[in-house]
Amino acid sequence: MIVRLSKLSLVAAVALFLTLVAVGNIADYGANAQFVNHVLAMDTTFRSPNLMWRAVTDPVLQTIAYLSIILAEAASALLLWWGCLRLWHRRRGAAARFDAGKDVAVAGLSLAMLLWAVGFLAIGGEWFAMWQSQDWNGQDKAFALFACHGIVLLYLVQPDREPA
């Protein structure tokens with residue numbers, strides 16, 4: 001039972017984190033919107049003419065990008081909270097039933113990992129050359145979140161045993 005509660009707790013911890021991130025991005029919209037706008041505009045990169053054609057300076061497109069990030073954070077959080085409920089209701093059941101209840105939490109963790117890997121590491125980091133910026137570089141944070149969520153995902157998907 002302790003392993004199941006451990007898995008459930010870690011999923012809930014990530015759900016709480018993503019909830020706070022999404023709520024924070026909505027409540028203090030401008031703070032991280034500024035981050036996204038600078039990354040997309042590539043205005044603090046080396047400004048190589050070979051890459052600057054990628055820059056997105058249209059405020060509408062920048063807003064769409066930021067809202068997409070918030071939506072992915074919120075969707076991940078909702079999936080994880082739903083996954084927590086499913087796991088909570090199955091915590092005392094057969095191992096196969098508990099394992100079958102992991103799917104929603106797996107989806108939530110996977111979506112969050114895709115946000116950090118695709119949105120921040122690949123698109124932000126490489127396509128928009130975020131790695132070149134000393135001021136607007138979120139790659140280390142994105143990788144840390146990707147790794148943290150990945151560890152929880154790997155732990156969660158380990159098959160459960162029948163309760164004693």
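Values reported hereafter were calculated over all heavy atoms of this structure, with side chains retained and with hydrogens, waters and symmetry mates removed.
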Rounded to the nearest 0.5 Å, what separation is found between the OG atom of S9 and the CG atom of L16?
12.0 Å
Using the side chain to side chain contact (heavy atoms under 4.5 Å, CB included) rule, take F128 and V36 through it: C-alpha gap first, then chi angles, then the decisive distance, then the call.
CA-CA 10 Å; F128 290 108; V36 172; over 6 Å; no
Identify whether I70 and V23 are in the same connected component of the hydrophobic contact network (ILVMFWY, side-chain heavy atoms under 4.5 Å).
no
Tell me if the CZ atom of F17 is crowded by more than 12 foreign heavy atoms within 6.0 Å.
yes
Which heavy-atom pair separates L80 from A105 by the least distance, and what is that distance?
CD2-O, 3.4 Å
For D140, does the CG atom have more than 12 heavy-atom neighbours from other residues, nucleotides or ligands under 6.0 Å away?
no
Tell me, with the steps shown, if W88 and W82 meet ring pair (Phe, Tyr, Trp, His ring centres under 6.0 Å).
CA-CA 10 Å; W88 178 257; W82 180 19; over 10 Å; no
Pairwise distance CZ(F146) to CG(L115) - rounded to 0.5 angstrom
11.5 Å
Going from CZ on R86 to CG on L79, what distance comes out if it is rounded to the nearest 0.5 angstrom?
11.0 Å
How long is the straight-line distance from CH2 of W53 back to OG of S48, given to the nearest 0.5 Å?
11.5 Å
Please name the pair of heavy atoms, one in Q139 and one in L121, separated by the smallest distance, quoted to 0.1 Å.
O-CD2, 3.6 Å
I123 vs V118 side-chain heavy atoms within contact, under 4.5 Å:
yes
Consider only side-chain heavy atoms of I, L, V, M, F, W and Y, link residues closer than 4.5 Å, and tell whether V14 and V157 are in one cluster.
yes
Taking a hydrophobic cluster as the set of Ile, Leu, Val, Met, Phe, Trp and Tyr residues connected by side-chain heavy atoms closer than 4.5 Å, whether directly or through intermediates, do M113 and W81 fall within one such cluster?
no
Closest non-hydrogen contact found for P159 with D99 is CA-OD2, 3.8 Å
When you measure from the side chain of R4 to the backbone of R161, do you find a donor-acceptor pair of N or O atoms at a distance under 3.5 Å?
yes
Hydrophobic cluster identity match, F35 and L145, side-chain contacts under 4.5 Å
yes
When clusters are formed by joining ILVMFWY residues with side-chain heavy atoms under 4.5 Å apart, either directly or through shared neighbours, do L5 and I151 land in the same one?
no
Flag the pair K7 and D160 as a salt bridge only when some basic side-chain nitrogen lies within less than 4.0 angstrom of an acidic carboxylate oxygen.
yes
Distance check, rounded to the nearest 0.5 Å: L109 atom CG versus L154 atom CG?
10.0 Å
Look at the side chain of D28 and the backbone N and O of G24, then say whether any donor-acceptor pair between them is shorter than 3.5 Å.
no
Is it the case that the side chain of Q132 and the backbone of F46 share a donor-acceptor pair, with hydrogens and angles ignored and the cut-off at 3.5 Å?
yes
Side chain of Y66, backbone of N25: donor and acceptor closer than 3.5 Å?
yes
Rounding to 0.5 Å, atoms CD1 (I26) and CG (L67) come to a distance of 9.0 Å
Take L51 and M42, measure what side chain to side chain contact (heavy atoms under 4.5 Å, CB included) needs, and give me the verdict at the end.
CA-CA 9 Å; L51 298 181; M42 300 173 67; 4.1 Å; yes
Nearest heavy-atom neighbours spanning R54 and E126:
NH1-O, 3.4 Å
Under the 3.5 angstrom rule, does the side chain of S133 hit a backbone N or O of M130 as a donor-acceptor pair?
no
Specify the closest pair of heavy atoms between V11 and C84, including all atoms of both residues, with the distance to one decimal.
CG1-SG, 3.6 Å
Side chain of K102, backbone of L156: donor and acceptor closer than 3.5 Å?
yes
Over-ring placement of K141 relative to F120, 6.0 Å and 45° cut-offs
no
Which atom of L111 lies closest to which atom of A75, heavy atoms considered:
CD2-CB, 3.8 Å
For the side chain of R90 and the backbone of L87, is there at least one donor-acceptor N/O pair under 3.5 Å apart?
no
Hey, are the side chains of W136 and Q34 touching, using non-hydrogen atoms and a 4.5 Å cut-off?
yes
Got S110 and L153 here, is their nearest side-chain heavy-atom distance under 4.5 Å?
yes
Please walk me through it: do L40 and T57 pass side chain to side chain contact (heavy atoms under 4.5 Å, CB included)?
CA-CA 7 Å; L40 295 178; T57 56; over 6 Å; no
